[in-house]
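Report on one structure; see the data block that follows.
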Amino acid sequence: MAAGASNTTASDDWGKANFNEIYDCPDPRPYFATLRPLEYQIPHHGQAVFRALAYALRCLHPDRTPLNVVDLCCSYGINTALLNYRVTLADLATRYTSHHLSALPTRHLAAEDRTFFAARRRPEAATATGIDSAARAVEYARAVGLLDHAFAENLEVTEPSPALRRTLADTDLITVTGGVGYVFTRTFTRLLDSMPTPPWVAAFVLRTVPYQPIADLLARSGLVTEKLPTRTFRQRRFADSAERYAAFDALAVSGLHTADKEADGYYHTDLYVSRPAPDIAALPLAHLL
């Protein structure tokens with residue numbers, strides 16, 4: 001999930017501006033129209049990381065073909081589009097804010113998107129499952145072919161449906177960009193309870209949000225969590241000064257400095273990757289990324 005650039009009001013989620021109106025629209029155009037001016041970019045960073053992890057998984061476990069990838073807080077299927085198709089985040093932002101598509105009814109846009117994505121599918125594409133509480137966003141991603149399995153479920157509130165449990169059983173990789181904080185340990189507990197074998201987990205997490213409780217939970221399932229030590233990743237610009245001050249306050253409480261990071265006017269994320277210890281020994285994170 002992300003935040004946008006208009007009608008900013010304080011929300012309960014750690015000082016971030018509240019732009020709930022863009023999360024569950026019939027199609028992605030309002031989402032991109034709102035986020036593009038804020039230079040929303042975390043899916044772009046996720047594209048390179050998730051493709052590298054998928055390649056490593058296929059190398060270490062060649063029997064896992066195609067991979068089964070679960071994108072948590074999947075929204076309109078953006079991470080899956082960037083993983084499985086020959087497109088960039090800039091391509092999508094340009095497409096969904098273009099004048100020639102602006103007046104199309106959603107059903108016509110969906111028809112054009114089905115053709116657009118089908119022509120760009122990568123041969124090594126993973127089987128994609130998306131989970132998000134935003135029912136219309138998830139349905140759009142499924143309708144245009146970005147998701148093989150789509151579930152509009154809030155695992156912070158309810159147990160997974162039987163259909164979701166069955167789909168989760170063969171998961172190889174969980175991805176999430178920015179959703180941690182909206183979802184937390186309760187969601188990850190329910191995911192892991194549905195998976196006989198713990199998958200790899202790759203999470204971009206705002207530095208204002210603690211990840212250690214989730215890392216501790218994953219450890220109890222046999223996963224070792226590494227944080228990429230060499231860099232952070234921009235998520236988007238702060239929507240307003242209230243967001244900026246709230247982020248600075250949260251980081252100060254955690255003893256984190258903002259120089260060369262949030263002081264540049266952007267939210268920054270850390271990358272956490274959780275894997276079984278034998279996989280880490282075979283392919284250290286520093287060699288992967």
Side-chain angles (χ1 to χ4, degrees), residues 42-74 79-80 82-84 122 124-129 131 155 167-181 183-235 254 256 261 268-289:
I42 198 63
H44 163 72
H45 302 304
Q47 180 177 43
V49 169
F50 300 154
R51 285 188 178 184
L53 293 175
Y55 177 77
L57 262 169
R58 290 193 299 269
C59 290
L60 287 177
H61 305 283
D63 56 312
R64 300 184 188 180
T65 302
L67 294 177
N68 291 296
V69 176
V70 171
D71 191 41
L72 186 58
C73 302
C74 68
N79 286 335
T80 300
L82 298 179
L83 175 67
N84 281 342
R122 303 171 72 219
E124 65 273 32
T127 299
T129 297
I131 306 171
L155 301 185
T167 301
L168 291 173
D170 296 323
T171 303
D172 297 301
L173 172 66
I174 297 174
T175 60
V176 56
T177 54
V180 174
V183 299
F184 211 57
T185 53
R186 186 178 290 112
T187 288
F188 280 88
T189 296
R190 288 168 169 162
L191 289 172
L192 292 170
D193 285 347
S194 303
M195 300 171 179
T197 302
W200 290 13
V201 180
F204 287 86
V205 183
L206 287 174
R207 294 200 326 132
T208 54
V209 178
Y211 194 67
Q212 193 58 48
I214 293 175
D216 292 342
L217 173 68
L218 298 175
R220 292 195 286 274
S221 292
L223 297 175
V224 178
T225 296
E226 299 174 284
K227 182 174 81 170
L228 189 69
T230 53
R231 64 169 295 188
T232 58
F233 300 82
R234 287 177 171 179
Q235 188 208 38
S254 300
L256 298 174
K261 299 189 188 301
H268 278 246
T269 66
D270 285 312
L271 171 64
Y272 297 90
V273 180
S274 306
R275 298 177 290 160
D279 289 345
I280 293 175
L283 195 55
L285 187 61
H287 295 173
L288 260 176
L289 304 175

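- For Ser194, the side-chain hydrogen bond (donor to acceptor under 3.5 Å, both in side chains) partners at least two apart in sequence or on another chain are Arg165.
- Here Thr185 pairs with Pro213, Ile214, Leu217 under the side-chain contact (heavy atoms from CB on, under 4.5 Å) rule; sequence neighbours left out.
- Sorted by first and then second residue, the salt bridge (Lys or Arg N to Asp or Glu O under 4.0 Å) pairs with a member in residues 193-202 form an empty list; sequence neighbours excluded.
- One N or O on the side chain of His268 and one on the backbone of Lys261 form a donor-acceptor pair closer than 3.5 Å.
- From Phe50, atom CZ reaches atom CG of Leu173 across 7.5 Å, with rounding to the nearest 0.5 Å.
- Taking all atoms of both residues into account, the shortest heavy-atom contact from Leu191 to Leu72 is CD1-CD2, 4.0 Å.
- Summarising the geometry of Leu256 relative to Arg207, their closest heavy-atom pair is CD1-O, 3.8 Å, with the distance given to 0.1 Å.
- Under the rule for a salt bridge (charged side-chain N to carboxylate O under 4.0 Å, His left out), Arg231 has no partner lying at least two apart in sequence or in another chain.
- Under the side-chain hydrogen bond (donor to acceptor under 3.5 Å, both in side chains) criterion, Arg122 pairs with Glu124, sequence neighbours left out.
- Closest heavy-atom contact between Leu206 and Gln235: CD2-OE1, 3.8 Å.
- Nearest heavy-atom pair across Leu53 and Trp200 is O-CZ3, 3.7 Å.
- Residues meeting the side-chain hydrogen bond (donor to acceptor under 3.5 Å, both in side chains) test with Thr171, sequence neighbours left out: none.
- Taking all atoms of both residues into account, the shortest heavy-atom contact from Ala203 to Tyr211 is CB-OH, 3.7 Å.
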Does the side-chain contact (heavy atoms from CB on, under 4.5 Å) test come out yes or no for Val273 and Leu288, once each step is laid out?
CA-CA 11 Å; Val273 180; Leu288 260 176; 5.7 Å; no

Check residues 218-229 and write down every donor-acceptor pair under 3.5 Å in which the side-chain atom is one partner and the other belongs to a residue at least two apart or another chain.
{"residue": "Thr225", "atom": "OG1", "partner": "Ser274", "partner atom": "OG", "Å": "2.5"}
{"residue": "Glu226", "atom": "OE1", "partner": "Arg275", "partner atom": "NH2", "Å": "3.0"}

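- Between Asn84 and Ala126, the shortest heavy-atom contact is OD1-N, 2.8 Å.
- The distance from atom CD1 of Ile42 to atom CD of Gln47, rounded to the nearest 0.5 Å, is 12.5 Å.
- Residue pairs meeting the side chain to side chain donor-acceptor pair (under 3.5 Å) criterion with at least one member in residues 280-289, sequence neighbours excluded, do not occur.
- In terms of the ring-ring contact (aromatic ring centres under 6.0 Å, His included) criterion, residue partners of His45 (sequence neighbours excluded) are, by chain and number, Phe233.
- The salt bridge (charged side-chain N to carboxylate O under 4.0 Å, His left out) check on Arg58 picks up nothing, with sequence neighbours excluded.
- In this structure, the separation between CG on Leu155 and CG on Leu168 is 8.0 Å, given to the nearest 0.5 Å.
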N/O donor-acceptor pairs under 3.5 Å from side chains in residues 60-71, not counting sequence neighbours:
{"residue": "His61", "atom": "NE2", "partner": "Asp279", "partner atom": "OD1", "Å": "3.3"}
{"residue": "His61", "atom": "NE2", "partner": "Asp279", "partner atom": "OD2", "Å": "3.4"}
{"residue": "Thr65", "atom": "OG1", "partner": "Pro62", "partner atom": "O", "Å": "3.2"}
{"residue": "Asn68", "atom": "ND2", "partner": "Asp170", "partner atom": "O", "Å": "3.2"}
{"residue": "Asp71", "atom": "OD1", "partner": "Asn79", "partner atom": "ND2", "Å": "3.2"}
{"residue": "Asp71", "atom": "OD1", "partner": "Thr175", "partner atom": "OG1", "Å": "2.7"}
{"residue": "Asp71", "atom": "OD2", "partner": "Asn79", "partner atom": "ND2", "Å": "3.4"}

